[in-house]
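A quick write-up on the structure given underneath.
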Amino acid sequence: MHTDPRLLAPRWWPTWLVVFALAVLGRVPRVLRLALGAALGRALERLMGRRRRIAAANLALCFPRHGERRRQRLLRAHFQELGMAVLETAAAWSMSGQGLDRITRVRGAEHVDRALEVGRGAMLVCAHLTCLEMCMQIASRHVHAHAIYRRNKNPVLDRVTLSGRARQGARMFLREDMRTLLAALRDNELVWFSPDQDHGIAQGDFVEFFGQPAATVTTPARIAARTGAAVIPLLYRRLPGRAGYELRFLPPLADFPGRDLVAATRRLNRLMEQQVYLAPAQYLWVHRRFKTRPAGMAPVYDG
């Protein structure tokens, strides 16, 4: 990999040191790696007070019927998942394809092939889970997709991330580069899209998520209406213990998006909820999912 000489400047040496350390830890045996990751997660829970409060607020909104003790257990499990994700990502960016195949259960990839036979491209929609990086590598062993990403402010991390994600053939383009996205669909390709984060309502609307109004992009519905691309849900998770990872491609959504783009987006949010119930501790609860609130509603977070 060619490295821009500017990324070797002394100001970036601490980042390179962290990258190197993670690369080493990512190569330790998987059982040890997960144990180290869980320990890291317990430390992160103590150190990341603001993110802990965000996650706790999200859990209180989304699971109001859970008792406080149950939510606290889920919160602790989530931070352990975050810690495991740090080392898991380093492993994902260095594992061979055969190594990935040994820890993987994949079902339904044929739905992608059938959707692309129509000739209008397809969008693969999924939620943000802690094991996203690993499962993106696994998915790329079975389907070839463009993936949207947001540029990292740290250019070293940006470079390493792009290189790692491309290892199994994933092709990346910036979130704001809609021209490339549409061109890929016109060329009958697959685009990976995760529409479950709060980016305001400039490109979306308030759509119910776990019974709460959540700022949700309507982009997948708008693109599907414009291009006729199929929308294929992907459910994925890290399995308990040493069982590895499970990915399940579902059939394309029927009659999507229809005439009502908000209703179509609500269908996608229900799919996101289905993913959360499948692996509740693995959902990215530290994200400020309810940052944008309708006028007159009190803020969810304390800053």
Side-chain angles (χ1 to χ4, degrees), residues 1-28 33-34 36-41 43-52 54-55 78-96 99-100 126-140 145-177 180-181 191-199 236 238 245 282-289 291:
M1 178 183 70
H2 172 72
T3 301
D4 187 334
R6 291 173 294 183
L7 300 185
L8 301 178
R11 65 178 297 194
W12 303 121
W13 289 356
T15 304
W16 282 115
L17 182 61
V18 171
V19 168
F20 176 75
L22 289 176
V24 171
L25 291 171
R27 292 178 181 272
V28 303
R33 184 174 68 242
L34 293 177
L36 291 172
L40 173 62
L44 293 176
E45 184 181 4
R46 292 191 295 270
L47 296 171
M48 300 173 65
R50 179 170 177 267
R51 289 296 170 181
R52 185 177 64 249
I54 289 170
H78 174 59
F79 271 90
Q80 291 183 40
E81 292 283 349
L82 285 176
M84 287 188 282
V86 173
L87 303 189
E88 179 179 68
T89 296
W93 293 347
S94 62
M95 288 181 70
S96 67
L100 291 170
C126 67
H128 281 84
L129 267 64
T130 55
C131 57
L132 176 61
E133 293 292 343
M134 178 65 81
C135 290
M136 182 181 290
Q137 296 291 316
I138 293 169
S140 296
H146 290 277
I148 299 168
Y149 86 103
R150 184 176 183 178
R151 194 185 301 277
N152 196 298
K153 294 179 181 179
N154 184 316
V156 173
L157 292 180
D158 195 64
R159 176 70 172 176
V160 171
T161 299
L162 288 177
S163 176
R165 288 179 176 176
R167 185 175 176 85
Q168 299 298 328
R171 292 155 289 177
M172 312 299 298
F173 57 89
L174 289 168
R175 188 182 68 188
E176 57 268 22
D177 187 6
T180 299
L181 186 155
V191 174
W192 187 301
F193 209 109
S194 295
D196 64 326
Q197 293 197 330
D198 187 333
H199 299 298
Y236 67 101
R238 182 194 303 107
Y245 304 84
Q282 295 177 35
Y283 190 63
L284 199 63
W285 296 112
V286 292
H287 170 67
R288 293 191 296 166
R289 184 64 186 91
K291 174 181 62 177

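Each residue takes its place number in the sequence, starting with 1. Any value given below was found using the heavy atoms of this structure, including those in side chains, with hydrogens, waters and symmetry copies removed. Just so we're clear, the structure is a prediction, and the values are computed from it rather than from any experiment.
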If I compare all heavy atoms of [X] with all of [Y], which pair ends up nearest, and what's the gap?
| X | Y | value |
| --- | --- | --- |
| Cys126 | Leu132 | SG-CD1, 4.4 Å |
| Cys131 | Gln282 | SG-OE1, 3.5 Å |
| Trp16 | Leu7 | NE1-O, 2.7 Å |
| Arg27 | Ser94 | NH2-CB, 3.7 Å |
| Pro14 | Arg11 | CD-O, 3.6 Å |
| Arg33 | Val28 | NH1-O, 3.2 Å |

Can you measure from [atom1] ([X]) to [atom2] ([Y]) and round to the nearest 0.5 angstrom?
| X | Y | atom1 | atom2 | result |
| --- | --- | --- | --- | --- |
| Phe20 | Leu25 | CZ | CG | 10.0 Å |
| Thr161 | Asn154 | OG1 | CG | 9.0 Å |
| Gln80 | Thr130 | CD | OG1 | 11.5 Å |
| Tyr283 | Arg289 | OH | CZ | 5.5 Å |

query: Regarding Glu88 and Tyr245, is there a side-chain donor-to-acceptor distance under 3.5 Å anywhere?
result: yes
- request: Report the C-alpha distance between Leu284 and Leu129 in whole Å, list the side-chain angles of each, state the deciding distance to 0.1 Å, and finish with yes or no for side-chain contact (heavy atoms from CB on, under 4.5 Å).
  value: CA-CA 5 Å; Leu284 199 63; Leu129 267 64; over 6 Å; no
Backbone N/O of [Y] and side chain of [X]: donor-acceptor pair under 3.5 Å:
| X | Y | result |
| --- | --- | --- |
| Trp93 | Val160 | no |
| Arg288 | Ile54 | no |
| Asn152 | Leu157 | no |

task: Quick one: do His287 and Asp198 satisfy side-chain contact (heavy atoms from CB on, under 4.5 Å)? Show the steps, please.
output: CA-CA 8 Å; His287 170 67; Asp198 187 333; 4.0 Å; yes
query: Do the non-hydrogen side-chain atoms of Val286 and His78 ever get within less than 4.5 Å of each other?
result: yes
message: Could you tell me if the side chain of Gln197 sits less than 4.5 Å from the side chain of His128, heavy atoms only?
response: yes
field: Set of residues satisfying salt bridge (charged side-chain N to carboxylate O under 4.0 Å, His left out) with respect to Glu133, sequence neighbours excluded
entry: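 Expected list: Arg165.
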- request: Evaluate the side-chain contact (heavy atoms from CB on, under 4.5 Å) criterion for residues Leu82 and Leu40: first the C-alpha distance (whole Å), next the side-chain angles of each, then the deciding distance (0.1 Å), finally the verdict.
  value: CA-CA 8 Å; Leu82 285 176; Leu40 173 62; over 6 Å; no
message: Applying side-chain contact (heavy atoms from CB on, under 4.5 Å) to Ile138 and Tyr236, what does each step give before you reach the verdict?
response: CA-CA 10 Å; Ile138 293 169; Tyr236 67 101; over 6 Å; no
